[in-house]
Every structure is written in C-alpha cells, then in structure tokens.
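Worksheet for the structure shown next.
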Amino acid sequence: MAFSAAASASTNLVPAVASGRGGAAASASQHGETARLARFGVSSSACANALSLSSSRSCASMGEVLWANGGAVRLAARRTLRVRAAGAGTIVQPEGFQITSVPTTPIDGQKTGTSGLRKKVKEFQSPNYLANWIQALFDSLPAEDVKGSTLVLGGDGRYFNKEASQIIIKIAAGNGVGKILVGREGIASTPAVSAIIRARKANGGFVMSASHNPGGPKYDWGIKFNYSSGQPAPESITDKIYGNTLSIKEIKQADIPDVNLSELGVHKFGDFSVEVIDPVADYLNLLEEVFDFDLLKGLLTSKDFRFKFDAMHAVTGAYAKPIFVDRLGAPEDSIFNGVPLEDFGGGHPDPNLTYAEELVKIMYGTDAPDFGAASDGDGDRNMILGNHFFITPSDSVAMIAANADAIPYFKTGLKGLARSMPTSGALDRVAKELGLPFFETPTGWKFFGNLMDAGKCSVCGEESFGTGSDHVREKDGIWAVLAWISIVAYKNRDRKVGEKLVTVADIAKEHWAKYGRNFFSRYDYEECESAGANKMVEHLRDIIAKSKKGDKYGNYELELADDFAYTDPIDGSVATKQGIRFIFSDGSRIIFRLSGTGSAGATIRIYVEQYEQDTTKHDLDAQDALKPLIDIALSVSKLQEFTGRTKPTANEDGSQAQSREPSDQDIMLSDLRLEGEDDEKQKSGLSINTD
C-alpha cells in the first residue's frame with residue numbers, strides 16, 4: 001500500500017492523536033513508515049517523535065495527521081508519498097485538496113454569547129477576524145462533532161454573507177468536516193437552519209445573521225453555531241470558543257476553489273463535499289407536518305379574506321412566496337418587500353410598529369386587510385396585526401397556547417409552556433387553566449431548548465417578538481404567522497362566504513374575557529452612566545433584602561420581592577441576578593434589569609405589568625392602566641436621582657394601536673431594543689414595548 005505525506009518546519013502546529021491498532025504489528029508498520037519518509041527528506045528524529053505520539057494506532061489510517069517536533073506528517077491511504085515545504089504555513093495533501101496552516105494571532109473582542117458574535121461588517125472583513133473565530137469554534141468542539149461530520153450553513157442574506165460562506169467552507173474542510181449543506185445563495189432562515197439540522201441529522205450548523213439589526217457595508221454582521229438538536233450552542237461551548245480566540249495560533253484552511261452557491265448540486269473535493277440545497281424544502285416539509293395546510297389554504301384562498309405579509313427585504317422573502325403563495329394559494333400581491341436584499345432595502349428588518357411602518361399603515365388604513373404579519377432579518381421574530389388591531393408578543397404566545405387545538409401538531413396535547421421572566425404573565429394563566437407545567441426562565445432561547453429536549457415544553461415566547469414551539473429549537477417567525485392564521489381559520493371553519501368573519505380582534509377580546517388582560521409596558525433608559533446605574537441596582541437590592549410579604553406600595557400589596565434566579569430543571573445549571581422583581585398580590589409586577597455596563601454606559605430596563613380581570617377596563621390605554629405602577633417604579637428605584645434621567649430614551653405605545661391608528665410619533669421612533677440581543681450592538685434608541 002502506498003501513502004502520501006508532507007512535512008514542514010512550521011512551529012504553530014498542535015499535536016493530534018488518533019486511535020488505531022497497537023502491538024507488534026503497529027510497531028513494525030511504524031518503523032517501515034519511518035524508512036519510507038526518510039527517503040523523501042523527512043528527518044529521522046522528526047519521524048520518530050511524530051510516530052511516538054501514536055504508537056497504538058495504524059499508520060495506514062485514512063486522513064491521519066501527526067504533529068510533532070515542528071513537523072507535520074499527513075498519512076492518507078492509496079496515494080503516492082510526497083513531501084512539500086510549506087514556507088510560512090504548513091501545506092498537507094489529503095485526498096483531493098491541500099490544507100494550509102495559516103499563522104495567526106488572537107484578536108480582541110471576540111467574546112461569544114448564545115447569540116454568537118456580532119460586530120460591524122468592517123471588523124469581520126479585517127484580516128483573519130472571522131477565520132479566527134471559526135477556527136476557535138472547531139478547536140472547541142469534540143472531535144466526533146468535527147471529523148467526518150455534516151454541518152449546515154445558512155444566513156439571512158445580508159451583506160458579507162457570500163464572502164463569509166466561502167471562508168467557513170474552506171476552514172471546515174481544513175478541519176476535517178465531511179460535508180457542508182449550504183442554502184442556495186448562502187440563504188437559510190434561523191429556524192430553517194434548526195429544521196435542516198434536525199431533519200438531516202447533522203452535527204450542527206452555522207447561522208450568519210445579526211438578527212433584526214440593519215445590514216450593509218456600514219452596519220452589522222453576525223455568526224453563531226447551533227448544535228445537533230438545532231439549538232444555539234450552550235455556554236460550555238461558547239466559553240471555550242472565547243477562550244480559544246485568546247490563544248489561537250493557526251487557521252487550518254483547505255486550498256479549494258470558491259463554491260458556486262447559486263445552483264443546487266453537490267461539489268466534491270476528495271472526501272469533502274459541499275451540497276447546495278433548497279433552503280425552503282426541509283422547512284416546508286416540517287411545517288406541513290405541524291399545520292393543517294388544507295385548512296390554511298381554505299382561508300387564504302377565500303374571496304372575502306385578505307392577507308398581507310411584509311418580508312422586510314429579509315430572509316423570509318425566500319420563504320414567503322413558496323409557502324404562502326405557491327403552497328397555500330394566497331394572491332401573489334399578498335407579499336411585499338419579498339426579495340431578500342443585502343441591505344434589506346435600506347430598511348431596518350425589525351417587525352414592530354416602528355420599522356414595519358408600511359405594513360402598519362396598510363393595516364390601519366381605509367379598507368384594511370383582515371390579517372397582517374411581518375418577520376425580521378433572520379426570520380425568527382414576528383409581528384401579528386388584525387384590521388386596526390395589534391397583537392402584542394406577550395399576548396400572542398398566550399393566545400396561541402390557549403388555541404392549540406387549531407394546530408394538528410398539538411393534537412395529543414401540550415407538554416408544557418414557558419416564557420422569559422420579563423414577559424407578561426398572560427401565558428401563566430393559560431398554563432394554570434389547562435393544568436400544564438409552566439416554566440419562567442431567564443432571557444435566552446437556550447433555556448427553552450433544554451426544556452424542549454427533555455419533553456417538558458411545547459410552546460414558549462418572550463416579550464421581544466419571539467414565539468416558537470418544539471418543532472425546532474429556535475423562535476420561528478413564519479411558524480407564529482401560520483399558527484395565527486390557523487387559529488383564525490379554525491374559528492371560521494364553518495363560516496360561509498359572506499358571513500361575518502371571526503377576526504383577530506374578536507379572538508383577542510374573547511381571550512381577555514376568559515383569562516383577563518395583562519397590561520404591560522417596557523421602558524429602556526439608554527446609555528446611563530454606569531456608576532449611577534449600578535448604585536440604583538444596589539439600592540433596589542437593599543430594599544428587597546428588607547422587604548416582606550404584605551408590605552404596601554400605594555394600593556398594591558407585596559407578594560414577593562427578589563433578584564430572579566433560575567435553576568435549570570434539566571441540567572442543574574444556575575443563573576443568578578437575572579432581574580429585580582416586585583410581585584404584588586393581584587399579579588401585577590415591576591421588574592428592573594441592567595445590561596451593557598461597559599464604556600458606552602448602561603441600559604436600565606423597567607418592565608411594568610398590571611393584571612385586569614374587569615372586562616369593562618380591557619380597552620383602556622395601557623399607559624393609563626399602568627400609571628400607578630409606573631409612578632411606584634420610579635419612586636422606589638430613585639432612577640432620576642441616580643441617573644439624572646427624567647424620561648425613557650423614546651416611547652412606543654403598542655397597545656394604543658389596538659384602538660387607533662399609530663401616530664407619526666409611534667412609527668418614527670429610534671432603534672427599538674429587544675430583549676435577549678447583544679447589548680454591544682444596540683447602542684441607540686428606545687425602548688418601550690407595550691402590551
């Protein structure tokens with residue numbers, strides 16, 4: 001049998017050990033291999049040191065690499081033995097392509113969270129910035145999740161995704177990945193990546209996105225890794241990635257040409273392959289298992305039902321026509337802003353009353369459609385609107401859960417419900433009524449993923465326009481839209497053309513009549529001086545330490561005051577200091593959270609919630625309903641005293657949109673900050689999210 005090998009004088013290589021046969025046969029084989037390598041200029045000492053690392057393995061194992069004594073020996077079966085001097089880097093020759101060891105040094109600022117790494121495009125375009133992070137990721141994964149593995153690659157279509165795709169593919173090949181499944185044009189929504197990972201039983205996948213943040217050369221780009229369950233990598237991995245970015249010395253990169261991502265098909269390079277796939281197919285197949293598409297089609301093709309979907313020139317533009325038009329029969333003009341663009345058409349792909357301005361004006365205009373929806377940059381967020389009616393995110397997840405019988409996927413019943421701690425308690429009341437397990441988690445979809453993997457959660461959501469179920473391990477914008485259309489269709493299943501439609505507003509008001517209404521508003525105070533913000537939090541912690549049940553706050557009686565902590569019921573991990581809570585006996589809440597305590601200052605978030613069971617008060621303006629609690633929050637926190645702030649950065653009153661067309665002030669707001677995102681990437685703008 002013949003072999004190939006390459007040697008180098010590079011000193012930036014890392015010892016690698018593989019398994020194989022041992023004993024006398026292995027020893028004989030190793031001595032013979034040393035002799036063969038010596039004939040091609042590899043020193044006997046380099047060979048001896050390299051082979052001593054693997055005395056128990058077969059020298060003939062396919063794709064085996066030995067790093068030792070500053071030299072690299074690549075052994076691959078059925079090839080002619082060769083040696084190449086690598087110069088500044090190490091070049092090895094596996095079957096089909098070369099691998100180059102590119103020297104590099106650590107780059108500051110690559111701290112990785114569950115949302116991955118997000119920076120400005122220019123930073124990612126700087127030498128080795130992205131490559132360092134990708135290599136650090138591969139260095140952080142167990143060998144069995146890399147060598148010969150299958151990984152998924154997709155993104156939201158934003159600027160730099162195409163270039164990044166080629167970088168990721170080449171480094172994946174250089175690290176021994178067996179196959180990359182990449183969406184055509186590098187496109188795949190975040191929930192679709194999760195679906196593809198699960199459907200194809202892949203080892204994981206990359207999501208290239210900065211979520212709802214703007215795209216283009218001057219704006220944001222991001223990258224994250226999802227594990228084999230389809231959910232974002234856990235902290236055990238993201239912490240390792242960051243640690244490896246601080247000590248990285250080399251990037252292993254395959255010398256292969258750029259892959260044409262425009263056409264479906266398989267590109268093979270020896271034992272490595274790249275398959276360009278339809279980014280919609282696996283995801284659509286899953287949705288057809290979840291929903292009754294015949295029921296949905298019946299509504300969307302009805303002559304007296306009109307539907308609008310704003311894809312915001314983001315990734316769901318690649319999904320909207322195939323799903324809503326081609327499969328479900330909605331008129332083609334139901335979709336607008338439906339072509340994904342690298343800069344999102346110059347817009348901000350954030351589905352809220354501020355940035356989905358075009359949709360909001362349509363839904364609050366004359367002769368408005370019956371149903372409107374929007375999704376964000378990477379397709380995991382959603383906004384739901386009826387004719388002159390806005391469904392808030394906290395209400396949305398509660399109403400979906402309460403009407404789960406409209407969705408065939410839940411025909412055997414819901415396993416449990418969960419929400420992030422700052423999200424309103426509307427979902428809690430549904431769980432209680434239905435006798436379901438309920439979980440209140442810290443901010444972050446990973447907590448929901450753990451519950452789902454353990455079979456304890458079916459539907460979950462957060463106040464920041466994120467809703468989902470256990471069909472994937474990400475929040476899912478199109479899923480939420482189809483869930484709502486399913487509810488409307490189910491409520492109207494016996495209706496004849498011309499008869500009154502059960503509307504989005506009817507469904508919401510029916511829900512409030514049964515469960516009560518949770519008025520809810522969020523206030524963000526941006527870029528506060530960090531010292532003052534920290535003093536305010538310490539002041540609040542002093543208060544809760546002295547508080548007791550029954551304490552009076554105006555007309556409210558205290559039930560509980562604490563700094564929210566969460567022990568994960570699945571893996572036992574503990575998250576502390578997740579937000580200071582004042583919970584009152586009637587279910588009302590005031591919550592304080594602090595984030596972004598860096599050089600740019602801190603963001604103080606105040607969440608205020610008032611539960612109201614009286615149906616005659618359900619149409620109140622949220623700010624009127626919440627005013628007593630808002631006054632208590634400001635008084636107790638002494639926010640103005642500690643920060644000098646007299647008002648939030650800006651104001652958005654979502655609930656007022658339920659009874660009136662949003663004013664220019666509602667629509668023309670600065671950047672809406674959303675829960676659970678990278679604070680470093682959200683330095684400007686408001687925010688208040690009102691339920």
Side-chain angles (χ1 to χ4, degrees), residues 116 134 137-138 141-157 161 164-166 168-173 175-209 223-234 237 254 259-291 315-316 318-319 322-323 327 378-380 409 445-446 449 452-453 468-476 478-479:
I134 298 298
L137 166 69
F138 284 124
L141 298 176
E144 60 269 22
D145 288 334
V146 178
K147 302 300 180 183
S149 66
T150 296
L151 298 178
V152 178
L153 174 61
D156 58 12
N161 275 16
S165 296
Q166 304 297 341
I168 294 167
I169 288 169
K170 292 171 184 178
I171 297 175
N175 281 270
V177 170
K179 186 174 188 177
I180 293 287
L181 300 167
V182 58
R184 182 169 45 203
E185 302 290 359
I187 282 179
S189 72
T190 293
V193 168
S194 183
I196 296 166
I197 290 171
R198 295 168 66 82
R200 305 286 185 109
K201 301 187 185 307
N203 298 77
F206 294 94
V207 179
M208 300 178 292
S209 174
I223 182 77
K224 74 172 182 176
F225 184 76
N226 284 21
Y227 235 143
S228 57
S229 66
Q231 77 179 78
I237 294 298
V259 176
N260 180 2
L261 301 182
S262 299
E263 296 180 4
L264 302 182
V266 178
H267 303 259
K268 290 192 68 68
F269 306 92
D271 292 333
F272 174 70
S273 65
V274 178
E275 182 179 355
V276 181
I277 64 172
D278 178 356
V280 179
D282 288 320
Y283 180 65
L284 177 55
N285 289 340
L286 176 60
L287 293 178
E288 292 200 41
E289 295 175 6
V290 172
F291 298 105
V315 74
T316 52
Y319 294 80
I323 295 173
R327 182 63 182 84
D378 64 329
D380 65 352
Y409 182 75
W445 211 258
K446 63 179 180 178
M452 291 173 180
D453 285 346
S469 85
D470 62 348
H471 69 295
V472 293
R473 295 297 183 268
E474 291 276 7
K475 49 192 173 238
D476 189 344
I478 286 182
W479 175 89

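Values below: every heavy atom of this structure, side chains too, minus hydrogens, waters and symmetry copies.
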| message | Could you tell me if the side chain of Val177 sits less than 4.5 Å from the side chain of Val146, heavy atoms only? | response | yes
| Ring geometry between Trp479 and Phe291 (parallel below 30°, tilted from 30 to 60°, perpendicular above 60°) | tilted
| field | Audit row: Leu137, Ile223, side chain to side chain contact (heavy atoms under 4.5 Å, CB included) steps and yes/no | value | CA-CA 11 Å; Leu137 166 69; Ile223 182 77; over 6 Å; no
| request: Ignoring hydrogens and angles, tell me if any N or O in the side chain of Tyr319 forms a donor-acceptor pair with the backbone of Ser189 under 3.5 Å. | output: yes
| message | With rounding to the nearest 0.5 angstrom, report the CD1 to CG distance, Ile196 to Leu181. | response | 7.5 Å
| query | If you round to the nearest 0.5 Å, how far is CD1 of Ile277 from CZ of Arg184? | reply | 10.0 Å
| message | Less than 4.5 Å apart, side chain to side chain, heavy atoms only: is that true for Ser209 and Lys224? | response | no
| Any Gln231 side-chain heavy atom under 4.5 Å of Met452 side chain | no
| remark: Smallest heavy-atom separation, Ala202 atom then Val152 atom, equals CB-CG2, 3.9 Å
| query | Are the side chains of Glu289 and His471 in touch, meaning some heavy atoms are under 4.5 Å apart? | reply | no
| task | Test side chain to side chain contact (heavy atoms under 4.5 Å, CB included) on Phe138 and Leu151 and set out the steps. | result | CA-CA 12 Å; Phe138 284 124; Leu151 298 178; 3.7 Å; yes
| Which atom pair, heavy atoms only, marks the closest approach of Phe272 to Ile169? | CZ-O, 3.8 Å
| Looking only at heavy atoms, which two atoms of Ser194 and Gly230 are closest? And how far apart? | OG-O, 2.9 Å
| said: Donor-acceptor check, side chain of Thr316 to backbone of Gly379, threshold 3.5 angstrom: yes or no? | reply: no
| request: Give, for atom CD1 of Ile134 and atom CZ of Phe225, the distance between the pair rounded to the nearest 0.5 Å. | output: 9.5 Å
| said: With side chain to side chain contact (heavy atoms under 4.5 Å, CB included) as the criterion, how do Tyr409 and Leu286 come out once you've worked through the C-alpha distance, each side chain's angles and the decisive distance to 0.1 Å? | reply: CA-CA 10 Å; Tyr409 182 75; Leu286 176 60; 5.8 Å; no
| query | If every non-hydrogen atom of Asn226 is compared with every non-hydrogen atom of Ile197, which pair is closest and at what distance? | reply | CB-CD1, 3.9 Å
| remark: Of all heavy-atom pairs linking Pro191 and Val472, the shortest is O-CG1, 3.8 Å
| request: Kindly determine whether Asp282 and Arg200 satisfy side chain to side chain contact (heavy atoms under 4.5 Å, CB included), including the steps that lead there. | output: CA-CA 9 Å; Asp282 288 320; Arg200 305 286 185 109; 2.9 Å; yes
| query | Under 6.0 Å from the CD atom of Glu263, do we count more than 12 heavy atoms belonging to anything else shown? | reply | no
| Just wondering, do Thr190 and Lys475 contact through their side chains at under 4.5 Å, heavy atoms? | no
| message | Testing Asp156, Ile168, Val193 one by one against Met208 for a side chain to side chain contact (heavy atoms under 4.5 Å, CB included), which residue passes? | response | Ile168
| said: When you compare the side chain of Asp278 with that of Leu284, does any pair of heavy atoms fall below 4.5 Å? | reply: no
| task | With Leu153 as reference, evaluate Val274, Val182, Asn161 under the side chain to side chain contact (heavy atoms under 4.5 Å, CB included) test and give the passing residue. | result | Val182
| remark: All heavy atoms of Glu185 vs all of Ser262, minimum pair found to be OE2-OG, 3.1 Å
